[in-house]
2 protein chains.
Amino acid sequence: MSTVGLQLRELREKAGFSLRKAAVAIDTDVAILSKMERGERKFSKELVLKLAELYKIDSDKLVIDYLSEKVLYELKDEEFGLEALKVAEKQLNYKKQNEQ
Amino acid sequence: MSTVGLQLRELREKAGFSLRKAAVAIDTDVAILSKMERGERKFSKELVLKLAELYKIDSDKLVIDYLSEKVLYELKDEEFGLEALKVAEKQLNYKKQNEQ
DNA sequence: CTTGTGTTGACAAATATTGTCAAAGGTAAT
DNA sequence: ATTACCTTTGACAATATTTGTCAACACAAG
């Protein structure tokens, strides 16, 4: 299970960017990107999208993983996390049905 | 689909507490409780637990609904919310397997 | 009119998130 | 060993978000 941060680090290296170059390109500070890639600080969705664009890759999977991490972080110490996810899923499904 | 707030309002009324009494009993401000019951402000988990205790009911289902709401709120504008939930669920399941 | 009910809005206080900067440490080349 | 890169780290400031406090309001019952 590879975190979004590590995925983005790999992608950056494959695309041949140094941390600095990448940070400048997406208009953020090197320190922030460094910390995000290593999971020391949370990513913002905005940065994920900008990076995906910079590395010329599709962002969908990345965004999904990003959101998933966010949710899991919120539930990490919860006894009933799994149950909560199931309820949430059911409700989202229901909502989707009745909206179109 | 009844929100946690509305559930707690019903439970309070059944238990015969006024807003003020309940608020005092759980050591919070009336305004906060009023707003939470009506969904104008987010609940804290702590208050949910205190209220469940006050009303002498089992808190599990309430906590699950509370967490589910929290997660759904986070994903409410996300195109890939459902996919993210599925990924999160998969990972939680996986984690559960490998921990005991 | 007084008492008890819930609601509302303005504001302060406390927390959390995010951004900025400078310094440190590594590695490689010359 | 100094130059030129790179990444990491920590301290701090700036912002934003969440949470708590208070006073006033409106309504109904007695």
Side-chain angles (χ1 to χ4, degrees), chain A residues 2-55 62-63 65-78 84, chain B residues 2-52 54-55 62-63 65-78:
Chain A
S2 178
T3 65
V4 172
L6 292 179
Q7 289 183 57
L8 281 168
R9 168 150 292 190
E10 263 192 52
L11 289 166
R12 174 172 60 78
E13 287 166 349
K14 267 186 202 162
F17 287 93
S18 73
L19 257 189
R20 275 177 206 288
K21 295 273 175 62
V24 168
I26 63 171
D27 192 40
T28 192
D29 191 276
V30 201
I32 293 183
L33 191 53
S34 168
K35 286 169 188 168
M36 284 179 170
E37 285 187 350
R38 285 169 305 112
E40 196 181 309
R41 206 179 262 210
K42 284 182 221 159
F43 267 102
S44 73
K45 188 186 168 191
E46 196 200 354
L47 283 199
V48 172
L49 293 175
K50 282 187 182 173
L51 288 173
E53 196 185 343
L54 180 63
Y55 306 152
L62 229 38
V63 168
D65 285 352
Y66 162 74
L67 292 174
S68 161
E69 267 178 29
K70 230 171 109 182
V71 164
L72 283 173
Y73 181 80
E74 197 160 83
L75 298 179
K76 68 176 155 37
D77 299 321
E78 294 295 341
Chain B
S2 179
T3 64
V4 173
L6 292 180
Q7 290 182 56
L8 281 169
R9 169 149 292 191
E10 264 193 51
L11 288 166
R12 174 171 60 78
E13 287 166 349
K14 268 187 202 159
F17 286 94
S18 74
L19 257 190
R20 283 189 163 77
K21 295 273 176 61
V24 168
I26 64 171
D27 192 40
T28 192
D29 191 277
V30 201
I32 293 183
L33 192 52
S34 168
K35 287 169 187 167
M36 285 179 170
E37 284 187 349
R38 284 168 307 113
E40 195 182 310
R41 206 177 260 212
K42 285 182 220 161
F43 267 102
S44 73
K45 188 187 168 191
E46 197 200 353
L47 283 200
V48 172
L49 292 175
K50 282 187 182 172
L51 289 173
L54 181 62
Y55 305 151
L62 228 37
V63 168
D65 286 351
Y66 162 75
L67 292 173
S68 162
E69 268 179 28
K70 229 171 110 182
V71 163
L72 283 173
Y73 181 81
E74 196 160 86
L75 298 178
K76 69 176 156 35
D77 298 321
E78 294 296 341

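So you know, we letter chains A, B, ... as the sequences are listed, proteins then strands, and number each from 1.
A cation-pi arrangement, defined by a distance under 6.0 Å to the six-membered ring centre and an angle within 45 degrees of its axis, is absent between B:Lys70 and B:Tyr73.
Side-chain to base pairing of B:Lys21 with C:dG4: no donor and acceptor N or O lie closer than 3.5 Å to each other. Residue A:Arg41 places a side-chain atom within donor-acceptor reach of the base of C:dG19, judged by atom type and a 3.5 Å distance cut-off alone. Under 3.5 Å, the side chain of B:Arg20 and the base of C:dG4 form no donor-acceptor pair of N or O atoms.
When rounded to the nearest whole Å, the span between CD of B:Glu37 and P of C:dT8 equals 13 Å. Between the P atom of C:dT8 and the CD1 atom of B:Ile32 lies a distance of 16 Å, rounded to the nearest Å. As rounded to whole Å, 14 Å separates atom P of C:dT7 from atom CE of B:Met36. Per the geometry, CZ belonging to B:Phe17 stands 16 Å off C1' belonging to C:dT5, to the nearest Å. Separating the CZ atom of B:Phe43 from the P atom of D:dG20 is a distance of 12 Å, rounded to the nearest angstrom. As a whole-Å value, the separation of B:Glu13 CD from C:dG4 C1' is 15 Å. Between B:Leu19 atom CG and C:dT3 atom P the separation is 20 Å, expressed in whole Å. When the P atom of D:dG20 is taken as reference, atom CG of B:Leu33 falls 12 Å away, rounded to whole Å.
In this structure, the side chains of A:Leu19 and A:Arg9 come closer than 4.5 Å at one or more pairs of heavy atoms. Here the side chains of A:Val71 and A:Leu67 are not in contact, with every heavy-atom distance at 4.5 Å or above. Contact of the A:Leu47 side chain with the A:Leu8 side chain is not registered, since no non-hydrogen atoms from C-beta on lie closer than 4.5 Å.
Proximity note for A:Ser18 (side chain, C-beta onward) versus C:dT18, D:dT7, C:dG6: the nearest is D:dT7. Side-chain proximity of B:Arg9 to C:dT8, C:dG6, D:dT21: nearest is C:dG6. Checking D:dC22, C:dT20, D:dT8 against the side-chain heavy atoms of A:Arg38 singles out D:dT8 as nearest. Candidate nucleotides C:dT8, C:dC21, D:dT9 were compared by shortest atom distance to the side chain of A:Lys35, and D:dT9 ranks first.
B:Leu11 pairs in a side-chain contact (heavy atoms from CB on, under 4.5 Å) with only one of the listed residues (B:Leu6, B:Leu62, B:Leu54), which is B:Leu62.
Contact annotation for A:Lys42: backbone-only contact, meaning every heavy-atom pair under 4.0 Å involves sugar-phosphate atoms and none involves a base.
At least one side-chain nitrogen or oxygen of B:Ser34 sits closer than 4.0 Å to the OP1 or OP2 atom of C:dT7.
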